[in-house]
Amino acid sequence: TQVFQTRSFWMLAISIFLLGMVTTPAQQQLVAYWTEAGNSPAFAATLYSAVMMVAIFTKIFLGAVYDSTSVSKGTMAVGTLAVASFLCLLLFPRGYAAAIPAILYGVTVSVQVLVGTYVVNRLFGDKEYAFVYGVLTPVLYGGVAVGSPLSAAVYDCTGSYQMLWIACAAVFAVGVGLVVLSDQISKREYL
């Protein structure tokens, strides 16, 4: 119950919800986006495979980044790459250049895993980890559940993925900012 009374927990919960709201739902739209942009369905599927391959390795690599830096610095570095992935989707939608956002989006996919596991452990410690992680996992998937129809609605209303990628970049930036703020506040709450 003490954890629920901290501002750092609630900021982290909101950030995890926001990250879930954009990461997986946007990922579900990638093949359709690349196909609509003029790539063949087979090439769009290959790009998506690249996203998933990069995600496997970046989960390991980004764990090392967090180990060698603070939560704030690691999250800002990873968050910058993730926001860049959304913007690169706008800039490089087709051809071999589309590999740039595909690679960067592999980093983006990793963020929701890292924040949900590594950051929770760093902010709340081993003693509270299982409880806090257990509470925040449904929060993450609640964001996914809200974000999936919301991202489809944005596309349906605008007829374009451009507004969706811009909105995702903005929401993701807010989510990353809240992780950093949660880290800063937790230092004062747990001293």
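Side-chain atoms are counted along with the backbone in the values below, which use heavy atoms only and exclude waters and symmetry mates.
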With hydrophobic residues grouped by side-chain heavy-atom distances under 4.5 Å, do Leu19 and Val51 end up in a single group? yes

Side chains of Leu18 and Val22, heavy atoms from C-beta outward: is any pair under 4.5 Å? no

Looking only at heavy atoms, the pair that brings Cys88 and Ile100 closest together is SG-CG2, 4.1 Å

Ser151 to Ser148 - nearest heavy-atom pair and separation: OG-O, 3.0 Å

Between the side chain of Tyr33 and the main-chain N/O of Leu89, is any donor-acceptor distance below 3.5 Å? yes

Can you tell me how far apart OH (Tyr48) and CD (Gln28) are? Round to the nearest 0.5 Å. 7.5 Å

For a 4.5 angstrom cut-off between non-hydrogen side-chain atoms, does Thr158 reach Leu164? no

Nearest-0.5 Å distance, CE of residue Met163 to CG of residue Leu90: 10.0 Å

Test your reading of the model: is there a side-chain donor-acceptor pair from Thr75 to the backbone of Ser72, 3.5 Å cut-off? no

Side chain to side chain, Phe9 and Leu136, heavy atoms closer than 4.5 Å: yes

Kindly say whether Trp34 contributes a backbone atom to a donor-acceptor pair with the side chain of Asn39 at under 3.5 angstrom? yes

For Phe17 and Val146, what are the C-alpha separation, side-chain angles and deciding distance, and is it a side chain to side chain contact (heavy atoms under 4.5 Å, CB included)? CA-CA 9 Å; Phe17 181 84; Val146 168; 3.9 Å; yes

Enter the distance from Glu36:CD to Tyr161:OH here, rounded to the nearest 0.5 Å. 5.5 Å

Non-hydrogen atoms of Gly74 and Thr69 that approach each other most closely: N-OG1, 3.4 Å

Where is the tightest heavy-atom contact between Ala97 and Pro101, given as atom of each residue plus distance? O-CD, 3.4 Å

Would you check if Phe86 and Thr108 make a side-chain contact, meaning some heavy-atom pair closer than 4.5 Å? yes

Any Tyr141 side-chain heavy atom under 4.5 Å of Thr24 side chain: no

Assigning hydrophobic clusters by single linkage (Ile, Leu, Val, Met, Phe, Trp, Tyr; side-chain heavy-atom cutoff under 4.5 Å), is Ile103 placed with Val65? no

Can you hop from Val71 to Leu178 via hydrophobic side chains spaced under 4.5 Å? yes

Under the 3.5 angstrom rule, does the side chain of Ser8 hit a backbone N or O of Ser182 as a donor-acceptor pair? no

Point-to-point distance, once rounded to the nearest 0.5 Å, from CE of Met11 to CD1 of Ile185: 3.5 Å

Check the surroundings of atom CZ in Arg122: do more than 12 heavy atoms from other residues, nucleotides or ligands lie under 6.0 Å from it? yes

Taking all non-hydrogen atoms of both residues, which atom of Ala102 and which atom of Ala50 are closest, and how far apart? CB-CB, 4.5 Å

Heavy-atom check, side chain of Asp183 versus side chain of Val119, under 4.5 Å: no

With side chain to side chain contact (heavy atoms under 4.5 Å, CB included) as the criterion, how do Thr117 and Asn121 come out once you've worked through the C-alpha distance, each side chain's angles and the decisive distance to 0.1 Å? CA-CA 6 Å; Thr117 55; Asn121 186 274; over 6 Å; no

Minimum heavy-atom distance Met76-Val176, with the two atoms named: CA-CG1, 4.4 Å

Under 4.5 Å between side-chain heavy atoms, counting indirect links through other Ile/Leu/Val/Met/Phe/Trp/Tyr residues: same cluster for Val174 and Ile16 or not? yes

Phe43 and Tyr96, any side-chain heavy atoms less than 4.5 Å apart: yes

Residues two or more places apart in sequence or in another chain: which of them pass ring pair (Phe, Tyr, Trp, His ring centres under 6.0 Å) with Tyr133? Tyr129

State plainly whether one hydrophobic cluster holds both Leu12 and Val135, where clusters connect Ile, Leu, Val, Met, Phe, Trp and Tyr through side-chain heavy atoms under 4.5 angstrom apart. yes

Reported OG-to-CD distance for the pair Ser70 and Gln184, which is rounded to 0.5 angstrom: 7.5 Å

Does a side-chain heavy-atom distance below 4.5 Å link Val111 with Thr23? no

For Leu30 and Leu47: C-alpha separation, side-chain torsions, deciding distance, then whether side chain to side chain contact (heavy atoms under 4.5 Å, CB included) applies. CA-CA 9 Å; Leu30 289 175; Leu47 289 169; over 6 Å; no

Between Ser49 (side chain only) and Ala45 (backbone N and O only), is there a donor and an acceptor less than 3.5 Å apart? yes

